[in-house]
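Being a predicted model, the structure only gives us computed values, none of them experimental. All values below were derived from every heavy atom in this structure, side-chain atoms included, with hydrogens, water molecules and symmetry-related copies excluded. Each chain gets a letter, A, B and so on, in the order the sequences are listed, and its residues count up from 1.
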4 protein chains.
Amino acid sequence: MSFSSVRQYAGPMTTETTPVSRAERKKQELRREIIETAFDCFAERGYHATGIADIATRLGIGHGTFYRYFQNKRDIVDHVITDLVETVVAALAAENAPEAVSSLAEYRVQSARIGDVLGVILGGDPRVARFLLLEAAGIDAEMRERVLDFYETAAQLTAGYLHHGVNLGYLHADLDVDSTARAINGMIIAAVLTSLRDPGPDAQARMSSAIRRVMYDGIAVRA
Amino acid sequence: MSFSSVRQYAGPMTTETTPVSRAERKKQELRREIIETAFDCFAERGYHATGIADIATRLGIGHGTFYRYFQNKRDIVDHVITDLVETVVAALAAENAPEAVSSLAEYRVQSARIGDVLGVILGGDPRVARFLLLEAAGIDAEMRERVLDFYETAAQLTAGYLHHGVNLGYLHADLDVDSTARAINGMIIAAVLTSLRDPGPDAQARMSSAIRRVMYDGIAVRA
Amino acid sequence: MSFSSVRQYAGPMTTETTPVSRAERKKQELRREIIETAFDCFAERGYHATGIADIATRLGIGHGTFYRYFQNKRDIVDHVITDLVETVVAALAAENAPEAVSSLAEYRVQSARIGDVLGVILGGDPRVARFLLLEAAGIDAEMRERVLDFYETAAQLTAGYLHHGVNLGYLHADLDVDSTARAINGMIIAAVLTSLRDPGPDAQARMSSAIRRVMYDGIAVRA
Amino acid sequence: MSFSSVRQYAGPMTTETTPVSRAERKKQELRREIIETAFDCFAERGYHATGIADIATRLGIGHGTFYRYFQNKRDIVDHVITDLVETVVAALAAENAPEAVSSLAEYRVQSARIGDVLGVILGGDPRVARFLLLEAAGIDAEMRERVLDFYETAAQLTAGYLHHGVNLGYLHADLDVDSTARAINGMIIAAVLTSLRDPGPDAQARMSSAIRRVMYDGIAVRA
DNA sequence: GATGAATGAGAGTTCATTCAT
DNA sequence: AATGAATGAACTCTCATTCAT
């Protein structure tokens, strides 16, 4: 199981260099299972409340085996996060290059599609968003910085789209691209957080629509 | 010390029912000091890495004394959060009632003022935002729900402003008030997160301005 | 219990600054009991085979309590060694100052007395010698150096006696005092090691007598 | 590598029954390499801090292979000790039979030669002495007894020389041969221990000379 | 015969909590 | 009311040993 609905987006795990020998393949498989099971446990009880023994027991392996694959408890959560982030980023980047767009209308379509993808990823397995947005940063200071890094990366990604729009003339020429990208991402975060409380597709659609309304037209009545 | 710059906004602590006897007053005082010191420790090393003994030692009291004021470790962090949330909410609510506004121009002024207040509160003591937005939700499932509750409350607060604007006609009549409120709050969260990485006033001002630009006019060039 | 027969020699523990409060006294008492019980355990099963839990259980305290008194397992063995060394040194130093001797005859008497004292100390509780001479150095590199330091100190002590004898003229004027002291101490070590295998008083007396014979007259027939 | 300087004394390893087949010879070779590498590791980090994996890795073999050659960790250290002891004993016994001596002058020469040999063996590779004298006995009770056995054997060896001297009349007729032998060996131990701290040839020569002075003439001025 | 993946007993250590003083 | 000594559950992590490949 695990966040399997996400898998269809060709996450990073399927693109890894295929190992040669059968033993090596088995090893990679177990390594992957440990990461997934660890995520299951962390998502269920939280990082601090999860013991290595919990992960091992749930997987049916000895807990000493865990340490053959990961240095320590901190190491595994790092890999879990890396995995999740790569999955999300891969899903978002696929077929959504800024350059594929050349008009406002196309941009609206693209942003709607990105919204849908996010909805499928994060709606498909709410634990992913919950863990990345709400729990990860509380693990320790280093992880907090990683989460902030993640936001930073996302801001640059979004800024790319805005920049493209400014260049092509369908977005305001004097846009503060960087700050605006952050603001837009903030709305996306809000949508994701909302979906954690109200996971239904209606609420999601309404958020998506509200964000696009604000984003393109603003809320103010025109003079 | 502590998040003292926030204090000037008449946080909840000064509005509590004043106790009578001198002993009672002393007790309340220590209780307050424990909450503040606990926040200091949590902000510095994180909730899980902080021991009750750390708090007690830093305050110069026996760690048995702690348990005369709070049930357990979980209890104190609940109080710390309550305190922080009330402080922030109080600061935002003060003199910023939705009803005080009757035109778009006034609303612009008011939202700029709210932005300034947020800047002072969260810029004055970055630990407050860091703890509320990044660490609190990772403590356990219950706390995570509290944080989501907090976002919910904030959404309703913002929705109040929007509703007022729609009623008075300076905001779009067909605005999905609830969802839009969440989206706008998302931008505010983004601004706060940005300030954690780049605490300078410039970045803050740019975010504030970008948010208002998006909010009122959107990013799209008018037809 | 513990190496109690040694106690009569006024080991270091009775000369410590007496604490004031009753609680403080209790604490010092427990601290001492832990040291003694740790020695019991180490002597019985060896340092590495002894767990903190063993010490605590035998003493009837929780094993968490141990860590209120000593930093870690390494810390306690350091204190055990310090205790043993101080006890032995104190016993040897008592009433046996080099200056108290002014002739070969007196020196013979004094060295016999020192031999007796050693016999009582180490014969009284063979575990002391066994631990100091045979097991301690195997704990780790640092402890090994401490043991070598101990030998060094003992050499200097013995050298003091020889130097006095040379000055007073009853020992060879051209004696290599330092090396000879080490050699003599080696014989004492041999005596102690012998007593570990053959603890009877006869073997001890024979060693003592053989050492003095070698020491004063050598083994060679005079020309 | 390893305590190779010792090898020239025709240690026990070259006198073993030569195996027949090539495969068998290879096996014996690896067995020997494991013993030597184990000693390298034990000498470097101590017995308890050394893992089977350390030995195997350093040798470039799988650590499962280790168990094809030795029963367990305890087994290998037993072999290491046996090896070291045999090497030392062989070196001492070679060309130094008690019967080869027939006068005090010759005995002096022989004992000086034995001292030299010891110096070469133990000075050549200080790890041998350090491990035998300081660390081995701390491994466990059984090994401690083996070390004491070793001292016992050495005492009997030395006693043989003394006995010979008494019989031939150049040593005191009433010598307590057994105890005196132990005492003399104690001085040798002291010399070896000294060389561990001060490995220079000077200190060694001084100890050697001091021991012979004490041994033959004693320290006391003649009446 | 060689390997190294798997194992789990067991180690040291921490810390929230209790309660006698 | 304040204290801090005592506690033991629970944790992370190591490593000697086994055994299927």
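Atom pair C:Y69:OH and F:dT7:C1' shows a separation of 12 Å (rounding to whole Å applied).
Non-hydrogen atoms lying under 4.0 Å from DNA chain F are contributed by nothing in residues 136-144 of chain B.
Residue contacts shown for C:K27 are limited to sugar-phosphate atoms, with no base heavy atom under 4.0 Å away.
You'll find the side chain of C:F39 stays beyond 4.5 Å of the side chain of C:D83, heavy atoms only. Inter-residue side-chain proximity for C:R146 and C:T82 is flagged as met; some heavy-atom pair is nearer than 4.5 Å. Between C:Y69 and C:R32, the closest side-chain pair of non-hydrogen atoms is not below 4.5 Å. No side-chain heavy atom of D:I34 sits less than 4.5 Å from a side-chain heavy atom of D:H79. The shortest distance between side-chain heavy atoms of A:Q28 and A:R31 falls below 4.5 Å. With a 4.5 Å cut-off on side-chain heavy atoms, D:K26 and D:L30 do not count as touching. Between D:Y47 and D:K73, the closest side-chain pair of non-hydrogen atoms falls below 4.5 Å.
Screening B:I61, B:L59, B:D54 against B:T37 for a side chain to side chain contact (heavy atoms under 4.5 Å, CB included) leaves a single residue, B:L59.
Each end of the helix from E:dA2-F:dT21 to E:dT21-F:dA2 gets its own axis, taken as the rotation carrying the C1' atoms of four end pairs onto the next four within a five-pair window, and the two axes meet at 0° to the nearest 10 degrees.
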Any chance you could lay out the side chain to side chain contact (heavy atoms under 4.5 Å, CB included) test for D:R127 and D:F42, step after step, and finish with the verdict?
CA-CA 9 Å; D:R127 300 175 310 155; D:F42 293 157; over 6 Å; no

Side chain to side chain contact (heavy atoms under 4.5 Å, CB included) between C:D78 and C:M143, worked out
CA-CA 8 Å; C:D78 248 5; C:M143 187 61 82; 3.5 Å; yes

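With sequence neighbours left out, the side-chain contact (heavy atoms from CB on, under 4.5 Å) criterion links B:H48 to A:H48.
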Validation: residues 130-138 of chain B side-chain donor-acceptor distances under 3.5 Å, sequence neighbours left out:
from	atom 1	to	atom 2	distance (Å)
B:R130	NH2	B:A43	O	3.4
B:E135	OE2	A:R144	NH1	2.7

Under 3.5 Å, which N/O atoms of the protein pair with N/O atoms of nucleotides 13-16 of chain F?
from	atom 1	to	atom 2	distance (Å)
F:dC13	OP2	A:Y67	OH	3.1
F:dC13	OP2	A:K73	N	3.1
F:dC13	N4	A:H63	NE2	3.1
F:dA16	OP1	D:K73	NZ	3.2
F:dA16	OP2	D:I52	N	2.9

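With a heavy-atom cut-off of 4.0 Å to chain D, the contacted part of DNA chain E has its first and last nucleotide at E:dG1 to E:dA5.
Interatomic distance, CG of B:D75 versus CG of B:N72, reported as 5.5 Å (0.5 Å rounding).
Ranked by how close their nearest DNA chain E nucleotide is to the 5' end, D:R68 and A:G60 are led by D:R68.
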